[in-house]
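First comes the structure, then the notes that go with it.
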Amino acid sequence: MKYAYYPGCSLHSTSREYDMSAKEVSTRLGIELIEAPDWVCCGATPAHVTMHVLSQALPVKSLINAKQTGADTMAVCCAACFSRLKIANYHVLNDPGKKAKINRAVGAEYNGEVAVKHLLEILAKDFGLENLKGKMTAKLDGLKVACYYGCLLVRPRKIMQFDDEENPTIMDAVVETTGAKTVDWPGKVECCGASFSITKTGVVLRLCRDILQLASDAGAECIAVACPLCQSNLDLRQPEVNKKYDKKFDMPVLYFTQILGLAMGIDWKKLGLDKHIVSPLKFLKGKNIIK
Amino acid sequence: MKIGVFVCHCGTNISAVIDVQKVVNDLAKMPGVFAMDYKFMCSDPGQNMIISEIKQKKLDAVIVAACSPCLHELTFRNTLIRGGLNPYMLEIANIREQDSWVHTDRDKATEKAVRLAKMAVAKAKRNQPLFPQEVSVEKSCLVIGGGIAGIQAAIDISSAGYQTVIVEKEPSIGGKMAMFDKTFPTLDCSACILTPKMVQASQSKKVKIYTYSEVEEIGGYVGNFNARIRVKARSVNMEKCTGCGICWQKCPVKVNSEFEQNLGPRKAVYVPFAQAVPNVPVIDCVNCTYYRSKRQNPESKGLCRICEKFCPAGAIEFDQKDKIIEEKFGAVIVATGFSAFDHKVYGEYGAGRYKDVVTALQFERLLNSSGPTQGKILRPSDSKEARTIVFVQCVGSRDESKGVPYCSRVCCMYTAKQALLLKEHIPDANAYVFYIDIRAAGKNYEEFIERVQDEYGVLYLRGRVSKIYRTGDGALLVRGADTLSGTQVEISADMVVLATGLVSNPETVKLGQMIGIPYDKNRFFTESHPKLAPAETQTAGVFICGACQFPKDIPDSVAQAGAAASKVLGLFSQEHLMLEPVLACVNQKICNGCFHCRAVCPYNAIDEEILKDKSVVARVIESKCHGCGNCISACPVSAVDLKGYTNEQILEQLQSLR
Amino acid sequence: MISEMKKFIISKNELKKILAGIVAENIKLIAPVSRDNAFFLEEVSDAEKIAWDYSNVVKPVKEHIFPMREVLLDFGRGTDPPALDEPEARSSGKEKNPAGNMPPVKEQVIFGLRPCDARSLLVLDKPFLQEKYVDSYYKERREKTTLIAMACLNPEKTCLCSSFENGGPFSSAGSDVLCVQTGQDEFLVEILSEKGEKIFKNPSFAQPSGEVLKKLENLKADSEAKICKALKVPENLRELFEAGTWETESLSCIACGICRYLSATCYCFNITDEFEQRLRYWIPCSFKNYTKMTSGEISREKKSARFKHWYFHKFSYHKDNFGEYLCVGCGRCIKYCPVKIDFTEVLGKIGNSKQEQ
Amino acid sequence: MEEKKEKNGFEPRLVGILCRWCSYQGADLAGTSRLKYEPNMTVLRVPCSARMSPLFLMKGLTSDIDGILFSGCHPGDCHYISGNMNARRRFVIFKKLLEFAGMEPERIQMSWCSASEDKKWADIVDSVTIEVKKTGPNNKFK
Amino acid sequence: MKELIDKAKELLKEKKVETVIGYREIRGCVVPAYVDSPCDADCLIFDKRCVYNLANYLKWFKNKNVALVLKGCDAKSINVWLQEFQIKRENIFIIGVECYGVMNEKSADAGLSDKCGHCEAHVPNIYDAVIKHQGDKKESVQGEPFKDIQEFEKLPHDERWDFWKKQFEKCIKCYACREICPMCYCKECIVERNIPQWIMSSPSVKGNFEWNMVRAFHLAGRCVECGECERACPVNIPLMKLNKKLIKEMKELFDYSAGQKEDVKSAIDDFYPEKDIKIDDKMIR
């Protein structure tokens, strides 16, 4: 189980806890993540708006470097990076015209031989849910989690082929291996406002309010996410949402890798649980999941 | 042999691309061929010109180089008859659909036209006069499907005095129309206008109705179809039962009723709806405790049998078996109707997880006074009254990604009607309709829509619904766009009605292959010509009407049913039927009696005959042969030949291309 | 007649050189060629391809004088030239051959045929070149053909050429030149006609020495000794027409066309029109359709009748019309018969059957 | 005729033998929807693909036709129930035989084309024409 | 061959059959024999040289009852005849002979003919009596049956065409291959038809190509590989190469080999539902 690992810029900065928990969980499960040598920015959402070829050349550059690790699959945690790499591979495999342009821009021959997988797919499909359940030492059966997928993971369906784009269930299955209960709620793939968080914060506040409202209506105690941008919008903006719409949301927003880490008995400092705005520590102590 | 070649300009359809004059000159060079051209060969002056040429030049065969034979082969055959020639001395070169319309290069198209005409001449040289074969006509018609279309066709045919048989899959005729509450645009109650028709059909001496039965096999050809119908066991004796209803009152088993679209219960012994014709119940073997216990251990006496005890007429017969009926028919009308689109494929509308997201048919049952809620509009989840209802149009229509690219034509109208009825039931309820385009193209349809919007205040929002989900308080949040005002719209509704489209009946493919009629990629039966023959199919003697040909509303179905009936009556009015003389015939001097031909004949139209010298040879049964030519390719010594398409003719056609 | 008997000795290479000279003069050279271990007389472009060690070719030499398939005349109307084997068949040019509008036939020299085949042409000349009915096609090809025969050093056990008066493995009847391979690389060539003389123009070759002539006699004697089969036709063949033995003898015959086609002297043919041409081609009397009349009636329908007809035409009717048997004893009909019927034995059995009556 | 062909490139002479109920109607539909395709193929109408005896294939190829296409209904849609199935079996056997004897496989083709597949018909004609043009003129029997 | 002779005598004595068709030897080579009376049944023999397929003679004994001495490969022809209603089973008495290979007349060393290389019908699959094999029961070498065909298929198509063109040029249309083949029993062969003229009757390359293609096609699923046609051909055209190609195709595509059972439909008339036809769909667009 050897994968080239593409952390992406946010996992090295604002959402370091996602990187820490992902690495901890993987090493504990025996999944070897070798960081792709001198990977570059994946271009995220702004790149394909400015220059199409650039938005695909950047991920291809990293995919070519990933070949040096000897693994034939690149593991990705961040939803935006996952989407960009997957789309680049799709164009290289299916559109000879674009492939020629990309190869010319990158200056090397790349035919889409490196596959791209999200950590969720690796855990659920390659590693297998049963083995995952076996690895869980502490049962979190008191915890009620709402799994939030966001939009980049599941769409566009033809290219991502990740899960059912209306009602995805892969994260629910992974989280349920820890014994926690996941709630069925309609906000799984609602938009969180993404990068409007900086330019039009009002929009993000309104959208996050809806999501948090739907989650709490469904009886969830915390939200599991797989994308740093969704996490920051829901977590960072939660106090402002409370202020603007005089709500009393106190909903911790955790990465699914952190939840897995807790269930595997990893110390919460190693999982970066102290880096959240809405601190989950009090809540987890209440549930005596952590001391 | 004197051959006349008549090249048509077809206005400019042909002459625009093909140099007709050059074709005429090239053809005239051939020995024994007279060629000329005319602007509209199929027009009356054109045909009269052909007739005069035949008489003047004493032609033996006629070649018409014009449009496709599928269009005007019949017209020109009649022209030959009027000109005194045998109609089968005609050959048609298709230089329009397969030449001028599909090619641009002028001289290549002209060269092809010359080749096609020369090929037709080569075939015509070896044409023999053929005389259609007379065959008796069985004066009775089989109608498959007992919906409004089937019933109307049966009534029209029986009123002309001919025997008709309706075969209906469900326990009662009436089809989907029986489920409706009111009909648009006149709002007269669906049952009130349907029940008299059903009664008229059941009481007519000329109409025999087999309900709860299916057609298993249809063989034969126009005028002489033979069908095998399986009447499934109802476990109730039709003669004895008076329809008093005690049995289904007493029956302890409650099951979801398909007729009520799973909104209301029915018993194991049931009649689908009150005005069912025949008003005789059916025992549902799957759920009836007696039959279930019999299946567990067949020897036991079986449990329950309450209905048998209480039946005053003693009509319950548990050991009733399926009956197979073989009958001969002269014509077949297929009226198998439509089925509603399964909306569960739409994840964004909840994929069937929310009880309060109902289909239009379910809402129709809610509106119906004889429905599960006796006409009160209650939410299926908590049966509270629904005061805000959102109607979503084009669910399973005009949606390429869901494989339903066509518009189902009727949803806009029935949604408007349902919205109107909702406002009549609950005047202060508010109804929203999300639509793309309102299609109201019938008589008084547009006015009906205007009335619904102005008089009843139904709010029409032009845009698609992007998501429906249940909010905490149990209401349904419908999020959509209103493109006219350019804003996003969110409505918290009590109930959402999806205007599901009309798709084809699942058995279309099986039925189509059984009868031998084609169907298109949406699995609707293909009519013989979209504009000129919508009620006929390519197979002679088989007609189609109603939604099985394409989604249509009740007026169109009834009209098409009348059309199909009139075609059948046209068929029955002839004493004998002229059968295509294109049949196989065996040259018994050469036949070795190896019977490869019988082995491949799909209609086993070949049997043995013993000649004087005691050798056994093959013989073609003229009435059974359809003229497909399978036996000719199978015969090693080509002792068989097909009149009209003989081996010699086809070889000559190939040689003419040298 | 040629001036005087010309005999001389020639080596194999010189012989090949002369043959090459013939080809150079744009005369068609036909010589035995080996194909899938069978030998055929075919047009040869270079002398190297000629096969030397063969007993006899499969198809008799009549194939080149009276071809299996010959276009008598062409009445095409200028449509595409129909697909034909001889590309120059269609005469676009002015000169026409005497009979139809086909182009004239090229000069040809046939080398390496056996004496029996050469004699067969003599036999065929009678029916084809009768004064009243001259077959112009046959006549044209016959005149333009020079025959260089090769004497048989070791005849096969199916040969019976010596049972005919001017027959025999060394007979020079019918050929223009007779070669005998006296040594490994030494051929005794004997010129028999002007045509032959035209081929061997400069007689600068050595005259045969006495010792060579003696070797010739021995070879001739050995060769004739090797022939073990003889033809004995019963005199009263005509009365034996009704004999029952014909029935039993014909049982194993499968009525194919081999003995008819490969016989050196059978000459029946059929004429049909195909693809705007009048064709003449061989047809065996063993086929049922040979005697099919327009009414569809077939006179010799039974296999035994067709079997018997072949014998009577060769050994009875032809003798009455032209005074000799229609056979040269090449033995091909015995060698190639799929069910190994030997006509000499059949004739023997028919002859004995007379005693039993 | 001969020189003209060589001058502007080889124009293959093709024959399409179409079954009357499905393929011919598909070809007509291609006409009504004004699709454009190569003009080399001349169409011959027969009642069913079963009527196309493989011997027509042989007679066609021996009379200077460069390519022959049989086209019938899809399996199961045949108007005569099983005509297309028998036609397929005979065609496949005869094609293997002709290929074995050295005939280029592109010269003999079969296709299923139903009454509503006009686009498919246009593509079939174009691709057959290109393939036969690539294999060159049929001068095996010249 | 005493057993064979006794059997023949017994049949003739009891008048069960009118004639027994077998093999006999005259002047050193084996020819078909017709035995009418028990006394001259002694001439019957069976050994390596009996190559003829005697089933072929049923063409002239159609409704007479006859006994036939048949090897394994010849007996398969009877199955095909029954399949095509040409004879009644009760009319013929089959004396099956266990055979371990017959001579190949055309090869110089007179070794076994190559059909016997992969023969799996040492004992006929249809018979009324069986004559055991005397000599050594040398199991015939189980060579790969279609190796030469596969090699020939690999050649480019114009090379294949040249090969066949040269072969067809030799054909003199003597129709020995038709007359010797038991499967060609037609009253009037397709070659003799002139309305329409399917096959040019005159021997030209085109006519010979057409004739050989039609003959081979008519043997698809019917040829029992007895090899008689190749033996009878005076100009040595490898006819069995064409027939073996079709036998290979019928086996591969439709898993059908000729002459196994007499009550089954012959493969050329039959078709299976989609799933088990191995037709390479590249062949049909």
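Numbered from 1 within each chain, the chains take letters A, B, ... in sequence-line order. In this text the structure is predicted, and so the values were computed from the model without any measurement.
Neither the backbone nor the side chain of C:Lys335 has a heavy atom closer than 4.5 Å to any heavy atom of chain E. At a 4.5 Å heavy-atom cutoff, the contact between E:Gln197 and chain C is made by side-chain atoms alone. With a threshold of 4.5 angstrom between heavy atoms, C:Asn37 approaches chain E through its backbone and through its side chain. Neither the backbone nor the side chain of E:Lys59 has a heavy atom closer than 4.5 Å to any heavy atom of chain C. Residue contact with chain E, scored on non-hydrogen atoms closer than 4.5 Å, involves the side chain of C:Val58 exclusively. Using a 4.5 Å cut-off between heavy atoms, E:Val30 contacts chain C through its backbone alone, with no side-chain atom that close. Contacts between C:Glu63 and chain E at a heavy-atom distance below 4.5 Å are absent for every atom of the residue. For a residue to count as touching a neighbouring chain, one of its non-hydrogen atoms must lie under 4.5 Å from one of that chain's; by this rule E:Asn56 touches chain C with the side chain only.
To the nearest 0.5 angstrom, E:Trp60 atom CH2 is 12.0 Å from C:Ser304 atom OG. Atoms CD1 and CZ, on E:Ile172 and C:Arg69 in that order, are 15.5 Å from each other to the nearest 0.5 Å.
Crowding of E:Lys64 atom NZ: a count of heavy atoms from other residues, nucleotides or ligands under 6.0 Å exceeding 12. The local environment of NZ in E:Lys147 is sparse, with at most 12 non-hydrogen atoms from other residues, nucleotides or ligands closer than 6.0 Å.
A 4.5 Å side-chain heavy-atom check between C:Leu251 and E:Phe61 finds at least one atom pair inside the cut-off. Side-chain contact between E:Tyr57 and C:Ile254 is present, with at least one heavy-atom pair separated by less than 4.5 Å. Looking at heavy atoms from C-beta onward, E:Pro32 lies in side-chain contact with C:Val339 at the 4.5 angstrom threshold. C:Glu345 has its side chain within reach of E:Ile26: a pair of non-hydrogen atoms, C-beta onward, lies under 4.5 Å apart. Taking 4.5 Å as the limit, every side-chain heavy atom of C:Lys288 sits out of range of all side-chain heavy atoms of E:Lys187. Considering only heavy atoms from C-beta on, C:Lys340 comes within 4.5 Å of E:Tyr52 through its side chain. A heavy-atom distance below 4.5 Å is found between the side chains of C:Leu262 and E:Pro234. Under the 4.5 Å side-chain criterion, counting only non-hydrogen atoms from C-beta, E:Asn194 is not in contact with C:Thr272.
The residues C:Asp36 and E:Lys166 are annotated as not salt-bridged, no charged nitrogen and carboxylate oxygen being separated by less than 4.0 angstrom. The pair C:Lys292-E:Glu188 meets the salt-bridge criterion, with a side-chain N (NZ, NE, NH1 or NH2) lying under 4.0 Å from an Asp/Glu carboxylate O. Classification of E:Glu179 and C:Lys303 as a salt-bridged pair fails, no side-chain N sitting under 4.0 Å from a carboxylate O.
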Test side chain to side chain contact (heavy atoms under 4.5 Å, CB included) on C:Arg35 and E:Glu169 and set out the steps. CA-CA 11 Å; C:Arg35 270 230 203 147; E:Glu169 263 157 13; 3.6 Å; yes
Where do C:Glu42 and E:Lys170 land on the side chain to side chain contact (heavy atoms under 4.5 Å, CB included) test, with the steps shown first? CA-CA 11 Å; C:Glu42 271 172 20; E:Lys170 297 192 293 184; 5.6 Å; no
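For chain E, the option among C:Ala38, C:Ala255, C:Pro284 with the highest count of heavy-atom pairs below 4.5 Å is C:Ala255.
Of all heavy-atom pairs between E:Cys174 and C:Ile258, the closest is SG-CG1, 3.7 Å. Shown here for C:Pro338 and E:Ala232, the closest heavy-atom pair between the two residues is CB-CB, 3.9 Å. Taking both residues in full, the closest heavy atoms of E:Lys173 and C:Tyr261 are given as O-CE1, 3.2 Å, listed atom of the first, atom of the second, then distance.
For the pair E:Arg231 and C:Tyr336, the cation-pi criterion (under 6.0 Å, within 45° of the ring axis) is not fulfilled.
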